[in-house]
Amino acid sequence: STVELNKFISEILDISKIEAKKFNLNKNQRDINKVINKVVFDLNFKINESNIQVEKNLETLFPITIDENLIYRVLFNLVENAIKYGKPGGRVDVISRDTGDWVQVSVKDDGPGISHDHLKFIFDKFYRIKNNENEFIKGSGLGLYLVKYFIEAHGGKISVSSSPKGTEFVIFLKNV
């Protein structure tokens with residue numbers, strides 16, 4: 001409960017900074033694969049608790065200019081969501097690759113997916129999908145809103161696709 005409350009307070013503070021236009025990036029050259037490895041390591045307890053297998057397929061990449069703390073939070077949110085909403089005992093794939101102008105990171109789960117009706121609102125502030133399958137999953141509805149904001153603040157973009165066989169989020173960061 002303390003961790004969830006702390007996360008919620010941090011999200012509200014971030015929203016306040018964004019709305020006050022006082023949000024700043026602290027960009028440096030970083031290896032995004034190291035950030036991914038740290039996220040997976042930090043989520044190891046939840047991974048084991050959920051009996052989820054996390055598979056990483058990380059292409060060797062040159063460092064890119066990012067705010068490491070914010071990209072960590074983006075990736076943490078996406079991987080944590082994949083664990084929470086994925087199939088118990090299932091699999092989460094985290095893939096990084098260089099596509100020329102972009103570094104692409106995808107996080108894919110094998111859960112029940114998100115219906116098309118909900119998909120178009122998934123990045124809205126305070127939006128949470130309500131159904132019997134996820135009614136006990138904790139969250140504020142701010143995580144994906146902030147994920148999108150942080151990626152776009154980097155000049156990047158995010159996409160999501162979903163089917164009854166799983167959901168995939170893909171972030172694109174400029175390869176600079």
Side-chain angles (χ1 to χ4, degrees), residues 1-12 14-15 32-59 61 68-97 103-151 156-173:
S1 293
T2 303
V3 170
E4 289 297 321
L5 180 60
N6 187 34
K7 185 176 175 183
F8 181 69
I9 291 169
S10 294
E11 290 171 340
I12 293 296
D14 286 338
I15 298 258
I32 197 158
N33 288 336
K34 287 183 179 179
V35 179
I36 293 167
N37 284 323
K38 181 170 175 23
V39 165
V40 172
F41 178 82
D42 290 348
L43 283 167
N44 200 42
F45 178 78
K46 285 187 181 191
I47 291 167
N48 291 331
E49 184 179 61
S50 301
N51 194 28
I52 295 278
Q53 180 182 2
V54 175
E55 291 292 326
K56 296 180 290 182
N57 183 355
L58 308 179
E59 190 175 285
L61 303 169
E68 184 175 9
N69 179 47
L70 294 183
I71 296 303
Y72 171 88
R73 289 177 55 197
V74 164
L75 294 169
F76 189 94
N77 184 286
L78 294 177
V79 175
E80 182 182 44
N81 280 353
I83 293 165
K84 286 194 298 191
Y85 295 101
K87 182 169 52 176
R91 176 179 165 148
V92 171
D93 291 301
V94 183
I95 301 165
S96 69
R97 72 183 70 159
V103 166
Q104 177 181 323
V105 179
S106 68
V107 178
K108 183 177 183 180
D109 67 53
D110 60 358
I114 303 166
S115 76
H116 181 71
D117 293 342
H118 292 290
L119 211 52
K120 56 188 167 191
F121 301 110
I122 201 89
F123 296 110
D124 290 356
K125 192 183 334 178
F126 296 113
Y127 188 77
R128 291 210 13 114
I129 297 169
K130 303 279 190 232
N131 64 35
N132 292 339
E133 292 177 14
N134 67 10
E135 71 178 307
F136 299 108
I137 296 175
K138 295 178 184 176
S140 64
L142 293 173
L144 290 175
Y145 169 81
L146 290 171
V147 161
K148 185 174 189 242
Y149 181 87
F150 294 159
I151 292 300
K157 51 191 174 181
I158 185 167
S159 68
V160 59
S161 59
S162 194
S163 75
K165 294 183 179 182
T167 301
E168 180 178 25
F169 286 87
V170 183
I171 62 170
F172 300 86
L173 295 166

Could you tell me which non-hydrogen atom of [X] sits nearest to which non-hydrogen atom of [Y], and how far apart they are?
{"X": "I52", "Y": "K87", "value": "CD1-O, 3.3 Å"}
{"X": "I151", "Y": "I158", "value": "CG2-N, 4.2 Å"}
{"X": "L61", "Y": "S96", "value": "CD1-OG, 3.8 Å"}
{"X": "N33", "Y": "E59", "value": "ND2-O, 2.7 Å"}
{"X": "V92", "Y": "I83", "value": "CG2-N, 4.2 Å"}
{"X": "R91", "Y": "D110", "value": "N-OD2, 3.1 Å"}

Distance from [X] atom [atom1] to [Y] atom [atom2], nearest 0.5 Å?
{"X": "E168", "Y": "I95", "atom1": "CD", "atom2": "CD1", "value": "6.5 Å"}
{"X": "F169", "Y": "S159", "atom1": "CZ", "atom2": "OG", "value": "9.0 Å"}
{"X": "I47", "Y": "E80", "atom1": "CD1", "atom2": "CD", "value": "10.5 Å"}
{"X": "K108", "Y": "E55", "atom1": "NZ", "atom2": "CD", "value": "13.5 Å"}

Verify side-chain contact (heavy atoms from CB on, under 4.5 Å) between F150 and I71, making sure each step is shown before the conclusion. CA-CA 7 Å; F150 294 159; I71 296 303; 5.7 Å; no
Pair N81-N77, side chain to side chain donor-acceptor pair (under 3.5 Å): steps then yes or no: CA-CA 6 Å; N81 280 353; N77 184 286; 3.1 Å; yes
From the options I171, L78, D93, select the one residue that forms a side-chain contact (heavy atoms from CB on, under 4.5 Å) with V107.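 It is L78; the other options fail the test.
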Mind running side-chain contact (heavy atoms from CB on, under 4.5 Å) on L75 and I32 for me, showing each step along the way? CA-CA 10 Å; L75 294 169; I32 197 158; 4.3 Å; yes
side-chain contact (heavy atoms from CB on, under 4.5 Å) evaluation trace for L58 with N37: CA-CA 9 Å; L58 308 179; N37 284 323; 3.7 Å; yes
What verdict does the side-chain contact (heavy atoms from CB on, under 4.5 Å) test give for D42 and F76, after you've listed the backbone C-alpha separation in whole Å, the side-chain angles of each residue and the deciding distance to 0.1 Å? CA-CA 9 Å; D42 290 348; F76 189 94; 4.3 Å; yes
Is it the case that more than 12 heavy atoms not belonging to K157 sit under 6.0 Å from its NZ atom?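 Yes, enclosed.
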List in chain and number order the residues that pass ring-ring contact (aromatic ring centres under 6.0 Å, His included) with F172, two or more places apart in sequence or in another chain; answer none if no residue qualifies. none
